[in-house]
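Following: one structure in structure tokens, then a few remarks.
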Amino acid sequence: MTLRVTVLGAGSIGIFVGGKLAAAGARATFVGRPRMLAEIGEHGLRLSDLDGGNDRVSQTAFATETEPESAVTADLVLITVKSAQTAAAAEQLVNRVRPGAVVISLQNGIGNDTVIREILPSCVVLAGMVGFNVVNHGSGHFHRGTEGVVAVSADPALERFVPLFARAGLPLDVHADLLPVQWAKLLLNLNNPINALSGRPLAEQLGARDYRRCLALAQAEALAVMRRARIHPARLTLVPPRLMVRVLGLPDALFTRLAAGVLAVDPQARSSMADDLALGRTTEIAWLSGEIVNLGTMVSMPTPVNARLVELVGVAERGDTRRWSGPELLAQLRAAKSGAVGADRPSRSDPVR
Ligand SMILES: NC(=O)c1ccc[n+]([C@@H]2O[C@H](COP(=O)([O-])OP(=O)(O)OC[C@H]3O[C@@H](n4cnc5c(N)ncnc54)[C@H](OP(=O)(O)O)[C@@H]3O)[C@@H](O)[C@H]2O)c1
């Protein structure tokens with residue numbers, strides 16, 4: 001039987017994952033903005049990856065719509081909007097999606113699945129996590145720029161979809177409890193604000209020690225509040241989270257040799273937060289560094305480094321196009337950590353580079 005999949009949020013992740021499922025035989029419908037739907041309607045899809053994969057999906061193999069009408073008959077709904085839009089997207093499914101349908105949140109951050117579950121209590125709502133980066137090259141071409149899996153929380157209702165994802169080359173990594181995986185992904189995603197503020201591709205930014213020191217400061221602070229909150233992040237990389245903080249501070253040559261796998265990143269790949277800033281959209285900073293700040297408040301621990309990242313991204317969201325060098329950003333975060341922040345805090349009147 002052909003499985004019907006509605007992808008709510010036709011963007012980098014939704015189109016890459018949904019396109020792969022369509023290529024594997026699913027009847028996929030993309031729900032998105034008119035501009036994106038026109039683009040994929042005109043060109044079809046090209047789904048490439050850093051391992052040499054290059055799937056073509058013709059326009060006849062998928063449908064598009066601006067409202068999730070197809071959810072009425074969908075077996076599976078993938079929610080792939082940014083976290084700020086989760087509630088609004090789930091509301092659009094009310095009175096459409098049928099009771100018992102499986103809805104998976106393929107989003108970064110913690111708690112998107114809870115938001116969806118509260119709005120769609122009759123559905124089987126599962127948390128998911130996409131471990132790879134996808135770059136939209138335009139004209140329907142989406143490129144997976146890093147390694148990584150699609151992880152999802154376990155549920156018997158998932159079983160009928162497991163073979164489809166395997167055929168699509170995205171075998172599901174099923175976890176009894178996805179929260180430790182989500183917290184571990186959040187630790188990695190603390191690089192998103194640093195990458196976005198740097199204005200550089202991921203490979204170049206991660207190859208520079210001062211940016212990695214910024215990430216190490218943000219991760220060390222996050223790990224401290226997580227420990228206080230008794231949250232134990234899963235191990236998603238070869239190096240466990242606590243050791244990662246040390247590895248990030250190594251000199252460039254040593255880091256590059258040790259982290260050859262970690263740096264298997266497409267030279268053009270950037271964080272999706274960088275895309276958001278470039279397009280003048282609100283970012284997911286509140287769901288990443290902001291989540292650490294909230295957790296710090298809950299366990300009564302200060303989180304000045306992540307709070308500073310929230311502030312700096314906020315300034316960028318309001319139109320500051322400054323590209324921070326590694327030493328400049330590191331100085332900001334070290335000053336925040338030592339309580340000296342304020343003296344050289346950028347303001348709207350600072351010269352915008
Ligand atoms: N990109 C990556 O490499 C990557 C990797 C791992 C995880 N993730 C996570 O995956 C999630 C999706 O990220 P993404 O980069 O794929 O986002 P994206 O490219 O911005 O795609 C989302 C698309 O959905 C549209 N949209 C929002 N609400 C909608 C609605 N109600 N109806 C129809 N369309 C709607 C957005 O339009 P507007 O812009 O107009 O709102 C946007 O075009 C995020 O949580 C992100 O952190 C991303």
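Counting starts at 1 for both ligands and their atoms, following the listed order.
The protein atom (non-hydrogen) at minimum distance from atom 14 (P) of ligand 1 is Lys82 CE, 3.8 Å. The protein heavy-atom contact nearest to atom 43 (O) of ligand 1 is Ala10 O, 3.7 Å.
Taking CG from Leu178 and CG from Leu126, the interatomic distance works out to 9.5 Å, rounded to the nearest 0.5 Å.
Contact annotation: Arg281 has at least one heavy atom less than 4.0 Å from an atom of ligand 1. Between Phe132 and ligand 1 there is a heavy-atom distance shorter than 4.0 Å. Not close to ligand 1: Ala88, with no non-hydrogen atom less than 4.0 angstrom away. Heavy-atom distances between Met129 and ligand 1 stay at or above 4.0 Å for every pair. Not close to ligand 1: Asp276, with no non-hydrogen atom less than 4.0 angstrom away.
Ser271 and Asn192 form no side-chain donor-acceptor contact under 3.5 Å, judged by distance and modelled atom types alone.
Considering backbone and side-chain N/O atoms, Arg33 comes within less than 3.5 Å of an N/O atom of ligand 1. Of the polar atoms of Ala89, none of the N or O atoms is found under 3.5 Å from an N or O of ligand 1, judged by distance alone. Geometrically, ligand 1 and Ser83 share no nitrogen or oxygen pair separated by less than 3.5 Å. Checked by distance only, ligand 1 and Leu8 stay at 3.5 Å or farther apart across all their nitrogen or oxygen atoms.
The option from Thr80, Asn108, Val81, Val31 that lies nearest to atom 7 (C) of ligand 1, judged by heavy atoms, is Asn108.
Using a 4.0 Å cut-off between charged nitrogen and carboxylate oxygen, Lys20 and Asp55 count as a salt-bridge pair. Here Arg322 pairs with Glu328 in a salt bridge; the nearest charged N to carboxylate O distance falls below 4.0 Å. Asp75 and Arg160 are joined by a salt bridge, as a carboxylate oxygen and a charged side-chain nitrogen come within less than 4.0 angstrom of each other.
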